[in-house]
Amino acid sequence: MKNYMFEICANSAESCVAAQQGGAHRVELCAGMPEGGTTPSIGEIKVARKLIDIRLHVIIRPRGGDFLYTPSELDIMEEDIQAARQAGADGVVFGCLTPEGELDKPAMQRLMKAAQGLSVTFHRAFDYVKSPAKALEELIDMGVNRVLTSGQQPVAIKGAALLADLVKQADGRIVIMPGCGVNESNIAELARLTGASEFHFSARENKESQMKLRNPALSMGGTDMDEYMHPVTTAKRVRNTIQALKSSL
C-alpha cells in the first residue's frame with residue numbers, strides 16, 4: 001500500500017490549524033487566494049508556525065499574474081525566502097519562467113541557492129511550461145523536491161493523463177503532486193488514474209462574518225466579492241477527503 005501524503009493549501013493560520021486537525025501532513029501557506037496565491041505576511045507565517053506541528057511550506061510569489069519576474073521581484077523573492085526560513089518554515093514554493101515558456105534557469109538557480117536546506121516545491125507555473133517532460137528533467141537536475149501541477153488543465157482530474165505520464169517519468173526522482181480541484185468526490189479516481197502519492201487540496205468552506213452592522217453599498221474587494229463570507233479550511237473536509245481515498249484502497 002502506498003504511503004499517501006496530503007498537503008492543504010491554507011489561506012491563514014486558522015486554516016493551518018484545521019488542516020492539522022483533519023489529518024494533513026503539510027500545509028502550503030498562501031495569501032491572495034483569488035490571485036492564485038501570493039506570499040503571506042511574516043506575522044501569518046510566525047503564528048502558523050506556533051500553532052501547528054506539521055510541516056509548513058510557504059509560497060514565494062510577490063504578485064498574481066504570470067511567472068516572468070523582474071530583477072526587483074527576484075530580489076523580493078530572495079528576501080522572502082530568507083524571512084520564511086527565519087520564521088520557521090520547513091519549505092518554500094516558487095516557480096520562474098521565461099517569455100517562451102521555458103524554465104528561467106538563472107532565476108531558479110538563484111532562488112534554489114537562497115532556499116538551500118529547505119524543501120522546494122515548483123508550483124503551478126509548471127502548468128504554463130511549453131515542454132513538461134523537458135522541464136521536469138531540468139527541475140530534477142536543480143534538486144527541486146516536488147512539482148505541484150494540474151496536468152496543464154483547469155482541474156487536476158482533467159489533467160490525469162499528463163499527470164500519469166509525469167509520475168512515470170519522475171520514477172521516484174521527484175514528487176508529482178496533483179492539485180487544483182481535488183476534493184472528496186475525485187481524489188480516489190485521481191489516485192487510481194495517475195499513480196500519484198501526494199495530493200494538494202484546500203478543503204475550504206465559506207464562513208460567514210460576525211459583523212452585525214453591514215453596508216451593502218460598499219465593497220473593498222471589487223463588485224464580485226462578498227465582504228461577509230470568508231473561505232476557510234475545515235478539519236471536517238480535510239478528514240473527509242483523506243478518508244475518501246483511504247476507503248477506496
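The chain is numbered in sequence order, starting from 1. Here the structure is a predicted model, which means the values were calculated and not measured.
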Polar side chain donor-acceptor pair, [X] to [Y], under 3.5 angstrom:
X	Y	result
R204	S15	no
E137	Q169	yes
D127	T149	yes

Could you check whether [X] pairs with [Y] (Lys NZ or Arg NE/NH1/NH2 to Asp/Glu carboxylate O, under 4.0 Å)?
X	Y	value
K130	E138	no
E35	R63	no
K236	E205	no
E102	K134	yes

Practice prompt. List in chain and number order the residues that pass side-chain contact (heavy atoms from CB on, under 4.5 Å) with D141, two or more places apart in sequence or in another chain; answer none if no residue qualifies.
Written response: none
Worksheet item: What orientation do H123 and F67 show, parallel under 30°, tilted 30 to 60°, or perpendicular over 60°?
Response: tilted
So, does [X] use its side chain to make a donor-acceptor pair with the main chain of [Y] at under 3.5 Å?
X	Y	value
E198	M177	no
D104	T98	no
N186	G181	yes
E78	K113	no

Worksheet item: Which one of R49, H57, R26 satisfies the side chain to side chain donor-acceptor pair (under 3.5 Å) criterion with D90?
Response: R49
Practice prompt. Apply side chain to side chain donor-acceptor pair (under 3.5 Å) to T121 and list each qualifying residue two or more places apart in sequence or on a separate chain.
Written response: R146
Fill in: Heavy-atom check, side chain of L139 versus side chain of I174, under 4.5 Å
yes
Item to complete: For residues F199 and L245, determine if any side-chain heavy atom of one lies less than 4.5 Å from a side-chain heavy atom of the other.
Response: yes
Worksheet entry | Pairs touching residues 148-168 that satisfy salt bridge (charged side-chain N to carboxylate O under 4.0 Å, His left out), sequence neighbours left out | none
